[in-house]
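Report on one structure; see the data block that follows.
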Amino acid sequence: RQEIKKPGALVRIKAPKEMGKTSLLLRMLDFAKQQGYRTVSLNLEQVDLAILSDLNQFLRWLCANAARQLQLKPQLDEYWDEDLGSKISCTVYIQDYLLESITAPSVLALDELNQIFEHPQVAKDFLPLLRSWYEESKTLPIWQKLRLIVVHSTEIYVPLQLNQSPFNVGFPAQLSHFSLEEVLQLAQRYQLTWENQEKVKQLMELVGGHPALVQTALYYLSREEITMTQILTSAASVTGIYAHHLRRHWAVLEQQPELAKALDRVMSAVEPVQLDPIIAYKLSSMGLLKQSGDKVVPGYELYRRYFLEVKSSISYQ
């Protein structure tokens, strides 16, 4: 909250899926609105593939949506100049139209920025552009009105020069897993109390301190629909409380056999495994793996159990 109040701020939120990134982003945007700031929130998962893979179309998409959320007419053609190129046109549009049209500070939030990593040519132009907007605030007062929030699941795996990357400047917020104490605090909010913490420790051995997975268990326990013993024994089954969560991961892997094959190697191994960096990043962003030095290991016991049981049903061809 303090960081977003700083002129020209850049806040970077990073964590695997379902760790609370979007929840934190929504709270930051709500706080910004309470300060009287104008806000623009764009989720890159909602962008058409054809747009995301074309720099000019993507920048026009960004500008048009920003104008719409700020309740301004798009007026893209008045500022777009083919001779200047799309990056300068976009920058001029934001500076001379959007920032000039509003008096209050503005927050531009980009959720799921990692979607652009899948398009290296666009990423190599757009990510340095973000960095340049941050740098502009140091010399041009009008850019101090803009605050940037970028949210992503993985490390950047597109090569960028250090002075062009938006991921080594600004304020980093990397979300972590819940500790045992935090799980117990959350349980108290569900009006659950455990004198014997052994079952809680067993739950954390199963799902770590993964916020969404822990919360799912506490929700069902608070409704008295299932016991902790039942959760622990049926967690990886098709009838367990995590069945939907696990099937969703499986559906993604069925569409990307190279990820499924790599995951099988890790889940079947007794030692940490070295994978292609991009594949490791993608599986880590899904939360299925975690780093162990320059190698990877299963993210949680829950995933190891589940994927070892169903791997015979996944095609690796």
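Keep in mind that this is a model prediction, so the values were computed, not measured.
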Find out whether Leu140 and Gln95 are in side-chain contact, i.e. whether some heavy atom of one side chain is under 4.5 Å from a heavy atom of the other. yes

Test item: Tyr134 and Val169 side chains (from C-beta on) under 4.5 Å apart, heavy atoms: yes

Any side-chain donor paired with an acceptor under 3.5 Å for Thr239 and Ser237? yes

Between His177 and Tyr300 (judged by ring centroids, cut-off 6.0 Å), do the two rings come close enough to count as a pair? yes

Decide yes or no for Trp133 and Cys90: does some side-chain heavy atom of the first lie under 4.5 Å from some side-chain heavy atom of the second? yes

Output the distance between atom CD (Glu3) and atom CD1 (Ile149), rounded to the nearest 0.5 Å. 10.5 Å

Group every Ile, Leu, Val, Met, Phe, Trp and Tyr by side-chain heavy-atom contacts under 4.5 Å, then state whether Leu148 and Ile4 land in the same group. no

Single-linkage hydrophobic cluster, 4.5 Å side-chain cutoff, Ile226 and Trp194 together: yes

Spacing of CG belonging to Leu275 relative to CD belonging to Glu258, to within rounding of 0.5 Å: 12.0 Å

So do Met19 and Ser176 actually touch side chain to side chain, heavy atoms under 4.5 Å? no

Which of Trp61, Phe117, Phe58 passes ring-ring contact (aromatic ring centres under 6.0 Å, His included) with Phe126? It is Phe58

Any idea which heavy atoms bring Val297 and Ser292 closest together, and the distance? CG1-CB, 4.0 Å

Are Arg247 and Glu254 close enough, and set up right, to give a salt bridge (Lys or Arg N to Asp or Glu O under 4.0 Å), and what steps lead you there? CA-CA 10 Å; Arg247 282 198 300 268; Glu254 284 187 308; over 6 Å; no

Of Leu62, Leu113, Val47, the residue whose pairing with Leu42 passes side-chain contact (heavy atoms from CB on, under 4.5 Å): Leu62

Report yes if the side chains of Gln69 and Thr39 come closer than 4.5 Å at any heavy-atom pair, otherwise no. no

Rounded distance [0.5 Å steps], CZ in Phe178 versus CG in Leu213: 11.0 Å

Starting at NZ of Lys290, measure out to OG of Ser284 and round the result to the nearest 0.5 Å. 11.0 Å

So, do Arg60 and Tyr93 sit near enough that their side-chain heavy atoms are less than 4.5 Å apart? no

Do Gln230 and Ile241 make a side-chain contact, defined as non-hydrogen atoms from C-beta onward lying under 4.5 Å apart? no

Does CD belonging to Glu45 count more than 12 external heavy atoms closer than 6.0 Å? yes

Can you see whether Asp30 engages Gln34 through a side-chain donor-acceptor pair at a distance of less than 3.5 angstrom? yes

Grab the two heavy atoms, one from Gly209 and one from Val214, that are nearest each other, plus how far apart they are. C-CG2, 4.0 Å

Test: Glu18 and Arg248 ion pair at under 4.0 Å: yes

Tell me whether Ile116 is reachable from Val151 by hopping between hydrophobic residues (I, L, V, M, F, W, Y) whose side-chain heavy atoms are closer than 4.5 Å. no

Say you draw a straight line from OH of Tyr97 to SG of Cys63; how long is it, rounded to the nearest 0.5 Å? 11.0 Å

Between Asn163 and Arg131, does the side-chain hydrogen bond (donor to acceptor under 3.5 Å, both in side chains) criterion hold? Intermediate values first, please. CA-CA 8 Å; Asn163 63 353; Arg131 170 68 178 260; over 6 Å; no

Just so I know, are the side chains of Val266 and Leu288 near enough to count as touching, which here means a heavy-atom distance under 4.5 Å? no

To the nearest 0.5 Å, tell me how far Leu175 CG sits from Ser23 OG. 9.5 Å

Count the heavy atoms of every other residue, nucleotide or ligand shown that sit under 6.0 Å from CZ of Phe31, and state whether that count exceeds 12. yes

Cluster link Leu253 to Val238, ILVMFWY, side chain under 4.5 Å: no

Does atom CD of Glu271 have more than 12 heavy-atom neighbours, drawn from other residues, nucleotides or ligands, at distances under 6.0 Å? no

Check the hydrophobic clustering (I, L, V, M, F, W, Y; side-chain heavy atoms under 4.5 Å; chains of links allowed) and say if Tyr281 and Ile13 are grouped together. no

Pair Tyr306, His249 - check ring-ring contact (aromatic ring centres under 6.0 Å, His included), show working. CA-CA 11 Å; Tyr306 177 76; His249 278 309; 9.0 Å; no

